[in-house]
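Below is one structure, written out as structure tokens; the observations come after it.
Please read these numbers as outputs of a predicted model, since none were measured by experiment.
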Amino acid sequence: MRRFKNILVVVDDVAGSQPAVDAAAVLGARNGARLTMVGLVEMSAANRIVKLSDGSEADIAGLLAEERRRDLEDIAARLDLESVEIDVVAGVGFVEIVKRIQRDGHDIVFCSPSGGDIHGLAGSSLVMHLLRKSPVPVWVETPRGDPSPDVAVALGPFGTGDDRLNQRLVELAGSLAAIRQGTLHLVHAWRLEGETLLRRGRVRRPASQVDELVEAVHLEAAANMKHFAERAQPFGVPCEVHLERGRPGTVIPRTIAVIRPGVVVLGTLARTGLQGMFMGNTAEQILCVVEASVLAAKPDDFISPIPPD
């Protein structure tokens, strides 16, 4: 985790964003990183000018920005850090955040889901937009997360061009598990695509042949999990492999619910030509139910659909 030297934390609302601020401050202190807090004034207030009874005009966005800046100054004063930069931006929150990342070279962004009654992360518009469109890893710190020091990483398909992303996820998760002094859990769902058709369809194959195909897929997945477990050894943490049969969108959330890690690391980009538009069914299904904090990363060649200024 020492790769992160320029941290951005989003303060959407003061109380709800405190978990993200605290997590960012811990990482910033450990890494000797630069920490920037950004407060948001949403577009609904960004261009509002209101006339008062005495004929003067009040800039709603300016008043809100001033108040938000004071909030950030109060938060910064309580952090045990030498220097914290603060800023306030007005407009569409996720757009302004992504542009700030691109402009100032931030290498990770922290946020918390807005709304204390949200289970999972899919109900937070800001979080979901950042998970889809941020060009850097997104850390979502949730107040409902389990205090466990363990870290689970959801590994995607093997042998499909995703192995570089899988390796990046293992590196992030292993480094984080070492910092937290917890266990690293490697989670993967495997299955033979089209098994039902092969067994019961018009072109069904002999059961023994399908069984052989199933076992071949299983052995290939096991070999890949062994490979990534070996790649995690330099982090010096206990490592457990969870290789489960079934659809990823069902199996991975169920396995994570059993493990109950403090943090889940996953990739958030489907294999599609529309960069930044889709996260993939597995990521979406995990984010709809997960209660743990999430660290999400994309492939190195990802290009955000939001153009820089």
For the CZ atom of F4 and the CG atom of L172, what is their distance to the nearest 0.5 Å? 5.0 Å

Could you check D211 against R205 for salt bridge (charged side-chain N to carboxylate O under 4.0 Å, His left out), going step by step and ending with a plain yes or no? CA-CA 10 Å; D211 289 342; R205 312 303 299 168; over 6 Å; no

Heavy-atom side-chain proximity of T142 to E291 below 4.5 angstrom: no

Does a salt bridge link D300 with R164, judged by any charged N lying under 4.0 Å from a carboxylate O? no

Neighbour count above 12 (heavy atom, 6.0 Å) for R200 CZ: no

Residues E67, R69: salt bridge by 4.0 Å N-O rule: no

Contacts of type side chain to side chain donor-acceptor pair (under 3.5 Å), residue R247, not counting sequence neighbours: none

All heavy atoms of L287 vs all of V290, minimum pair found to be CA-CG1, 4.0 Å

Residue pair I252 / A189: nearest heavy atoms and the distance that separates them: CG1-CB, 4.3 Å

Find the distance between NE2 (H106) and CZ (R34) and round it off to the nearest 0.5 Å. 6.0 Å

E215 side chain near L219 side chain, heavy-atom distance below 4.5 Å: yes

Where the side chain of R168 meets the backbone of G267, is there a donor-acceptor pair that is under 3.5 Å apart? no

When you group the ILVMFWY residues by side-chain heavy-atom contacts below 4.5 Å and let the links chain together, are L197 and V210 in the same group? no

Might you work through the side chain to side chain donor-acceptor pair (under 3.5 Å) test for E141 and S293, ending with a clear yes or no? CA-CA 5 Å; E141 185 72 11; S293 296; 3.1 Å; yes

So do the side chains of W139 and I7 get within less than 4.5 Å of each other, counting heavy atoms only? no

Determine, stepwise, if the pair V263 / R180 fulfils side-chain contact (heavy atoms from CB on, under 4.5 Å). CA-CA 10 Å; V263 181; R180 296 167 65 89; 3.6 Å; yes

CD of Q209: more than 12 outside heavy atoms within 6.0 angstrom? yes

Give a yes or no on whether V26 and L295 share a hydrophobic cluster (residues Ile, Leu, Val, Met, Phe, Trp, Tyr; joining criterion: side-chain heavy atoms under 4.5 Å apart). no

Is V251 linked to V241 within one hydrophobic cluster, defined over Ile, Leu, Val, Met, Phe, Trp and Tyr using a side-chain heavy-atom separation of less than 4.5 Å? no

Closest non-hydrogen atom pair between H242 and M225, with its separation: O-CE, 4.0 Å

Where A25 and L79 come nearest, the two heavy atoms and their spacing: CB-CD2, 4.0 Å

N/O donor-acceptor pair under 3.5 Å between N6 side chain and D107 backbone: no

Is there a side-chain contact (heavy atoms from CB on, under 4.5 Å) between V214 and R199? Walk through the geometry before answering. CA-CA 11 Å; V214 169; R199 292 191 185 279; 4.0 Å; yes

Non-hydrogen side-chain atoms of V10 and S17 separated by less than 4.5 Å: no

Contact between V187 and I259 at the side-chain level, heavy atoms closer than 4.5 Å - yes or no? yes

Check whether K5 reaches the backbone of N31 with its side chain - one donor and one acceptor, N or O, closer than 3.5 Å. yes

Is the side chain of T36 donor-acceptor paired with the backbone N or O of E85 at a distance under 3.5 Å, no angle test? no

Quick one: pull up NE2 in H227 and CG in L186 and give me the separation to the nearest 0.5 Å. 11.0 Å

Interatomic distance, OG1@T250 vs CZ@R254, rounded to 0.5 Å, equals 7.0 Å

Can you confirm whether more than 12 heavy atoms, excluding those of E230, are under 6.0 Å from its CD atom? yes

Test item: V88 and V38 side chains (from C-beta on) under 4.5 Å apart, heavy atoms: no

Measure centre to centre between the rings of F158 and H188, then say whether the value is under 6.0 Å. yes

Could you give me the CA-CA distance, side-chain angles and deciding distance for D22 and Q18, then say whether side chain to side chain donor-acceptor pair (under 3.5 Å) is met? CA-CA 6 Å; D22 292 341; Q18 193 62 50; 2.9 Å; yes

Scanning both residues in full, the closest heavy-atom pair of A154 with I286 reads CB-CD1, 4.3 Å

So does V217 get a backbone contact from the side chain of R191, meaning a donor-acceptor N/O pair under 3.5 Å? no

Could you check whether any side-chain N or O of Q102 sits under 3.5 Å from a backbone N or O of P135, counting only pairs where one atom can act as donor and the other as acceptor? no

Show your working on side-chain contact (heavy atoms from CB on, under 4.5 Å) between V11 and D71 and close with a plain yes or no. CA-CA 9 Å; V11 180; D71 289 337; over 6 Å; no

Exam field: side chain K298 to backbone L165, donor-acceptor pair closer than 3.5 Å: no

When rounded to the nearest 0.5 angstrom, what distance separates CZ in R100 from CD1 in I97? 8.0 Å

Does any part of the side chain of V153, heavy atoms only, come nearer than 4.5 Å to the side chain of F228, both counted from C-beta? no

Can you tell me how far CZ of F94 sits from SG of C111, rounded to the nearest 0.5 angstrom? 13.0 Å

So that I can tick it off, tell me whether E66 and R70 are bridged by a salt bridge, with the cut-off set at under 4.0 angstrom between side-chain N and carboxylate O. yes

Closest heavy-atom pair and its distance - P248, P253: O-CD, 3.4 Å

Can you check whether E240 reaches D150 side chain to side chain, under 4.5 Å on heavy atoms? no

Apply side-chain contact (heavy atoms from CB on, under 4.5 Å) to the pair Q167 and R231, showing each step before the final yes or no. CA-CA 8 Å; Q167 181 57 42; R231 296 295 294 269; 3.5 Å; yes

